[in-house]
Visitor: 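The following block contains the structure, expressed as structure tokens.
All chains are named by letter (A, B, ...) in the order of the sequence lines, taking the proteins before the strands, and each is independently numbered beginning at 1. Keep in mind that what you see is a predicted model, and the values were worked out from it rather than measured.
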Amino acid sequence: NAGVMQNPRHLVRRRGQEARLRCSPMKGHSHVYWYRQLPEEGLKFMVYLQKENIIDESGMPKERFSAEFPKEGPSILRIQQVVRGDSAAYFCANNLGGLSTDTQYFGPGTRLTVL
Amino acid sequence: DQQVKQNSPSLSVQEGRISILNCDYTNSMFDYFLWYKKYPAEGPTFLISISSIKDKNEDGRFTVFLNKSAKHLSLHIVPSQPGDSAVYFCAAKENTGFQKLVFGTGTRLLVSP
């Protein structure tokens, strides 16, 4: 039973470049949540997607950030023109469904460093 | 506006003793609470959860207590083991259709032999 997969695990970008983070939910699941953890802080919700639909993007910054979950392939969190403040760990998660709908299981994260 | 608060950034406990991690919340719409454990450079790992209709849930060495009137929950680990050393996050979910979690800032637990 493969868990939530994320890649890359580490990503280094220079200011102004683009960052693309990928997430594949557990096999058989078609939704993902994205969270960001800034240094010394807790995780903060960014966006919730189902295949081809953004369900809740209330935590997404208004500019430079976008997310998609195409019909085929992983979910992508895209950060354009990265700045040093974007340096953080980005996690994605999904629920199992059924009686465990409320519990989210997380991937290993992508650590983004902006130089 | 920090809706979920973990006021103790760190806690040190001796092996074999009880660890008690606390969490307070302000949003009365929260109906489900979870504890996650996180090691450096890894994703959070689910530990235990509790629904707002209960006041206690137990799973092996881990017990979570919920006091709705005080908007307070706690995680008890007994006996504590050195492998329990990690950062523990409290998280909560509103009783709406969306499942997004609101996290506290974490408590770093150190269990010494």
Visitor: Determine, using the 4.5 Å side-chain heavy-atom cutoff (strictly less than), whether B/V4 and A/Y35 are members of one ILVMFWY cluster.
Guide: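 In one cluster: no.
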Visitor: Taking all heavy atoms of B/K100 and all of A/S58, pick out the closest pair and write down the distance.
Guide: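 In terms of heavy atoms, the two residues are closest at NZ-OG, 2.9 Å.
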Visitor: Find out if a path of hydrophobic residues (ILVMFWY) with successive side-chain heavy-atom gaps under 4.5 Å connects B/L47 to B/Y25.
Guide: yes
Visitor: Heavy-atom count check: over 12 atoms from other residues, nucleotides or ligands less than 6.0 Å from A/R15 CZ?
Guide: no
Visitor: Minimum heavy-atom separation for B/L34 to A/T103, with atom names?
Guide: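 Where B/L34 meets A/T103 most closely, the heavy atoms are CD2-CA, 3.8 Å.
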Visitor: Just how far is it from atom OH of B/Y36 to atom CZ of A/F106, taken to the nearest 0.5 Å?
Guide: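 These two atoms lie 5.0 Å from each other.
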Visitor: Measure distances from B/A41 to the heavy atoms of chain A and classify the residue's part below 4.5 Å as side chain, backbone, both or neither.
Guide: both
Visitor: Side-chain donor-acceptor contacts of residues 58-65 of chain B below 3.5 Å, not counting sequence neighbours, with atom names and distances?
Guide:
{"residue": "B/R61", "atom": "NH1", "partner": "B/P79", "partner atom": "O", "Å": "2.7"}
{"residue": "B/R61", "atom": "NH1", "partner": "B/D84", "partner atom": "OD2", "Å": "2.8"}
{"residue": "B/R61", "atom": "NH2", "partner": "B/D84", "partner atom": "OD1", "Å": "2.9"}

Visitor: Between B/L101 and A/Y33, does a side chain to side chain contact (heavy atoms under 4.5 Å, CB included) hold up when you go through it step by step?
Guide: CA-CA 9 Å; B/L101 297 178; A/Y33 301 84; over 6 Å; no
Visitor: I'd like to know whether NZ of B/K54 has more than 12 heavy-atom contacts from other residues, nucleotides or ligands below 6.0 angstrom.
Guide: no
Visitor: Before giving the answer on side chain to side chain contact (heavy atoms under 4.5 Å, CB included), spell out for A/Q37 and B/K38 the whole-Å C-alpha distance, their side-chain angles and the decisive distance to 0.1 Å.
Guide: CA-CA 12 Å; A/Q37 184 186 21; B/K38 187 179 179 305; 3.4 Å; yes
Visitor: Is atom CD of A/Q81 surrounded by more than 12 heavy atoms (other residues, nucleotides or ligands) closer than 6.0 Å?
Guide: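 Incorrect, the count does not exceed 12.
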Visitor: Below 4.5 Å, heavy-atom pairs only: which of A/R111, A/H10, A/Q6, A/E40 has the largest tally toward chain B?
Guide: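 Going by pairs under 4.5 Å, I would pick A/R111.
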Visitor: Looking at every heavy atom in both B/Q2 and A/K44, which two are closest together, and how far apart are they?
Guide: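 Shortest heavy-atom contact: OE1-NZ, 4.4 Å.
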